[in-house]
Visitor: 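Sharing a structure, written as structure tokens. Questions coming.
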Amino acid sequence: MGGIIAKGLMIDEAFDAAATIKVIVTLASPHTPILLLDSYLADYYREIDLHWQKKTQNVTLISIGGGNRDLHVRGALTHESSADVDVLGPSIPGVWKSTDHLCILWCKSLVKVINRAFFDVIDTTSMGVHRNDAVRAEIFKYHLQQRSDGKHFHQDLHPPSLKLDPAAKWVEKRELRFRYAEKEITKTTYLLLPTTNFKSSQFDKLTIDAENLKSTDWIFLCQANENRNGKYCLFGENLSKNGYIMPTLTQKRKQILISASDINLDFFTHIIVKISATNDPVSLSVDFHNSNERTLTTPLPSLVSFGRTLITATEPGAVTYSVQIPNLENEVQAGYLHLKSVKCNKQRHYAILQMKVPWSQESTHSFSSYKKQVPLFLKLYRSKPSGDASAAAVSLTLDPDCAYTVSIESSVIDFLASVGQIYSPLLIPNIVGILLLTLSAQMMNLALFESCSMYHNVLVVGAQPVKTLCITNIVTYVLSVLGVVPAVYYQLSLASMFYFTVGFAILYIIGVGLWYSLVFSTNKISDIVLSFLARYLGSLTWSEWILSGLEQLPVIVSAVLIGLVNSTCGGLALSLGAIFYYLKLCSLYEDFLNYYIYYPFRYIINQLKARLSWKSNTELKDMWRKNLPPNVDDDANDLTPLHFHFTIFLLWAALAILNVPSTLMWAHNFQHSVHLEPDPSWLPGIALSLSAAAIWPGSCPDSGIKHYREISILIYILACVSMVFCHHTIYYLQYIISTAFVIIAGHQLIGRYFARKAIEQEQEQLTLTEDNPSSETLCPSDQEHEEIAELVQLLQNSAVEEKFSEQAERKGNEKLEPNSSSVGTNEFETEEVQSSGSSTESFELLDGQNILNPLQDSKVHEQPVDIDNSSQEELTAKEDTIETCATVTESGDAKDVSEEADDVSTETEELSSSDEESTARIESTLPDSNK
């Protein structure tokens, strides 16, 4: 982060950076943040990027990355678009190595290159740093990107034209491919390569590979003269600046690639190679070739393929080949290019494989020698920008005395490793999102069944990867099309499908581990906490009392946490709150054990003791009652609090982990200040500490309150938001989790308040009813009126039938005289009965002559209608209710009800007296045959 701080000095108005700083070199600095864990860091990066995009100061910015060995800051994060030189360690000439995040500070090869650049950037005239930004940038580009030869750079390093020595040794070589090697060079030698080789053949490229060639200016174009000793040149146009040094295993090596299109073939007759005198062996390989024949274009094979062979054997004497891989565009892609020698004319040999990426100026290399053949790792440090038509290419520098086979393959393991390294931050929002989905499902269970299911069961059902990922991907795509979020967010949302599955597995394993700790380590953890408190309190007893009191009064713990947030750091309060929350889980699990394990065991043991001591069954029952838990008759088997707090604890722990950097920073600066300022964890700490007062009590969650369904929907929305907007801005998760806690705590508090109000209103209503019963509670309804009328009708019918039964039994077998006027009497008596209000169902005319005697039907006699005492009591109670209602109610309706009750009573009495008289008349008029 030192490089980021150096860049930040430019936006400090109190610091005159333009007059003080000329060059900034950043080593493995994350110009793109790895994780944005707080808003202050995000704002700092935003201000720096806006300033350097303008780049108004005359400051040269150099960015150097470590490469694939830097696991902390990968190559893509060290990219700075406003930098004058942006390079990685494996691409730097003379370094050729990847470094880790610490090694880049003391890597000798890199330190030497940077030191040379610092020396060259000094202006010998002013004895200070060059004031011209372009000159400084050119110096660093020479040392860090394309070093043609020497270790030092100056403006006259490669003059455009040089005078050649006619007295030197001049050798003309007309071969298209040859190798020129000498053990020593006693006299400066010039090799003449005719440009007519381009005209007389289809070749358009010339590759010259030189080993141990010490000349700085070594390649020229000239128009040759001829004398008796042969051809020679007086002047040459210098092409040496187009050369570049190569990675090597033994001697220094440099190379140049000349295109026929870059040469005026009508003017220049020869290409000159200068070999200075030396006692060391020198080797020179020349290869005229057709670029189309030497360029292979192949896609990187798919992950499920077994690779392919590109060339079974290279051409004899070939020095270079090029393999272009157009579909190698993304950082996650990985593969290998194999180069193996199949036939060599010498024992010692080696070839160079070097991949060059045009859009990022990066390169990697490997060697294939007679000792070891190392494949080239095909992996990009930076993805291809959209709209770039270039392609990554591998340059093969071969030994002309050998033939090689070339093959390519993909690597599944390296692909997965790349996915893990690049997209691993996506795991954080997916884990938080899955926890929120689990909590949402538990809230829905409370709404439907008034109970919470077990964490693992809800995790499987509530996560719903297909549904959730479809929603988040569609939303992300729409937002990216509308320009609300960058297009890369949609790519990240597709990658999050893999990490959603990984996060699900991690949370499942974490849940199993947490259950394991609750089952097997509860007592140990409690002992550790008590021992820790005893060190400061001086007594284990005091520790137990205080811990027990805090568990009973979580509001005190909430107040203490709020004090810690304001006095120290929110991250510290969250960490201590997580510890206390775990102890609360242990306490809930102990209560579960008491209900299901300890008390049944005690009951069984006491029963055995009682049996052995010949105690009575009454004593056994008393012993069982003594061993019952305090609230066993309540919903003792309801594990809703344990399951609910299990999920809430994991969310709390996740937030505490997200604020670990703030906690570490507070601890680091504790000797300077007790309070962390600014504190990114202050708001989450306050939110959760306040919410704890409502969530930690034993009554949470209260299944009696309403609107759990709405709370479930809100938390589901928060889960989707976390998986859409928090791929890069991780600090948004703090506010999302805090919002979830505030919603749950507010719902519990408001729900309990209204539930308490409802109970109080019911109690007041009940008290008012007992003291002054109202007509609304005592007056019968219309349905009750109908029930009373039915009971009255049944009583009337039963009274008549009972009367007939009594008279029939009393008279026995007495015979009556037949009456001639039976018809008229029957009609009269029928009218008499009807006028008395008796039921028409009791008497009925048959054939217009006789009246049916109930005694004639055996069924009526044997099974009379029975109105039991309960019906009579019910009728009496309803009549009393009507009378009471009429007494306490002054409305007209109540009076009508009372009058109706009086009429019913009077009518019933009249019916009883009239029934006796009617029965006597009817029997006196009936003939004997009808009695």
Side-chain angles (χ1 to χ4, degrees), residues 435-453 455 458 462 551-559 561-562 577 581 584-585 587-588 591 630-631 633-649 651-652 683-684 686-719 721 735-774 776-777:
L435 285 176
L436 290 173
L437 290 174
T438 304
L439 181 60
S440 173
Q442 287 184 330
M443 290 296 173
M444 188 60 69
N445 283 346
L446 284 171
L448 298 177
F449 312 111
E450 296 186 355
S451 64
C452 278
S453 299
Y455 165 79
V458 180
E551 291 178 355
Q552 298 298 325
L553 298 174
V555 178
I556 298 177
V557 182
S558 176
L561 294 179
I562 294 173
Y581 212 152
K584 178 177 177 60
L585 278 181
S587 177
L588 291 173
D591 295 340
N631 298 321
D633 292 334
D634 298 333
D635 195 7
N637 59 347
D638 187 10
L639 296 178
T640 292
L642 180 60
H643 299 326
F644 175 79
H645 287 288
F646 194 97
T647 307
I648 295 292
F649 166 74
L651 269 177
W652 188 300
L683 183 59
I686 286 292
L688 265 68
S689 299
L690 289 173
S691 302
I695 295 176
W696 280 348
S699 59
C700 183
D702 191 346
S703 59
I705 62 180
K706 300 178 180 180
H707 304 295
Y708 275 109
R709 183 187 297 273
E710 290 77 6
I711 299 300
S712 173
I713 295 174
L714 289 176
I715 296 176
Y716 186 87
I717 294 175
L718 290 178
V721 169
Y735 307 123
I736 291 176
I737 297 176
S738 301
T739 303
F741 271 87
V742 170
I743 289 174
I744 295 173
H747 174 249
Q748 293 295 316
L749 288 176
I750 296 173
R752 292 171 193 167
Y753 172 78
F754 283 104
R756 193 183 306 111
K757 279 290 185 182
I759 293 174
E760 291 177 356
Q761 290 178 359
E762 291 179 0
Q763 292 178 350
E764 291 177 359
Q765 187 70 22
L766 182 61
T767 303
L768 182 61
T769 303
E770 293 176 353
D771 296 341
N772 186 18
S774 62
E776 294 179 358
T777 58

Visitor: Short question: side chain of Gln442, backbone of His643 - any donor-acceptor pair under 3.5 Å?
Guide: yes
Visitor: Kindly write out the residues that satisfy side-chain hydrogen bond (donor to acceptor under 3.5 Å, both in side chains) with Ser738, not counting sequence neighbours, or none if the list is empty.
Guide: none
Visitor: Measuring from atom CD1 of Ile743 to atom OG of Ser712, what distance do you get when rounded to the nearest 0.5 angstrom?
Guide: 11.0 Å
Visitor: Could you tell me if the side chain of Leu446 sits less than 4.5 Å from the side chain of Thr640, heavy atoms only?
Guide: yes
Visitor: Measure the spacing between CD1 of Ile715 and OG1 of Thr438 and express it to the nearest 0.5 Å.
Guide: 11.0 Å
Visitor: With a 3.5 Å distance limit and no angle check, can you tell me whether Gln748 reaches the backbone of Pro701 through a side-chain donor-acceptor pair?
Guide: no
Visitor: Under the rule for side chain to side chain contact (heavy atoms under 4.5 Å, CB included), what residues qualify as partners of Leu690, not counting sequence neighbours?
Guide: Ile562, Ile686
Visitor: Please list, chain by chain and in numerical order, all residues satisfying ring pair (Phe, Tyr, Trp, His ring centres under 6.0 Å) with Tyr708, sequence neighbours excluded.
Guide: His747
Visitor: Name all residues meeting the ring pair (Phe, Tyr, Trp, His ring centres under 6.0 Å) criterion together with Phe741; count only those two or more places apart in sequence or in a different chain, and write none if there are none.
Guide: Trp652
Visitor: Considering residues at least two apart in sequence or located in another chain, which fulfil the ring pair (Phe, Tyr, Trp, His ring centres under 6.0 Å) criterion with Tyr455?
Guide: Phe646
Visitor: Within the 4.5 Å heavy-atom criterion, are Tyr716 and Leu437 side-chain neighbours or not?
Guide: yes
Visitor: Nearest 0.5 Å, please: how far is CD1 in Ile737 from CD1 in Ile648?
Guide: 10.5 Å
Visitor: Looking only at heavy atoms, which two atoms of Ile736 and Leu718 are closest? And how far apart?
Guide: CG2-O, 3.8 Å
Visitor: Can you sort out the partners of Leu448 under side chain to side chain contact (heavy atoms under 4.5 Å, CB included), two or more places apart, ordered by chain and number?
Guide: Met444, Arg709
Visitor: Side chain to side chain contact (heavy atoms under 4.5 Å, CB included) with Leu683: which residues, sequence neighbours excluded?
Guide: Tyr735
Visitor: Can you sort out the partners of Tyr753 under side chain to side chain contact (heavy atoms under 4.5 Å, CB included), two or more places apart, ordered by chain and number?
Guide: Arg756, Lys757
Visitor: Is Ile744 close to Met443 at the side-chain level, that is, under 4.5 Å between some pair of heavy atoms?
Guide: yes
Visitor: Quick one: side-chain hydrogen bond (donor to acceptor under 3.5 Å, both in side chains) partners of Ser689, sequence neighbours excluded?
Guide: none
Visitor: State which residues pass side-chain hydrogen bond (donor to acceptor under 3.5 Å, both in side chains) with Ser691; sequence neighbours excluded, sorted by chain then number.
Guide: none
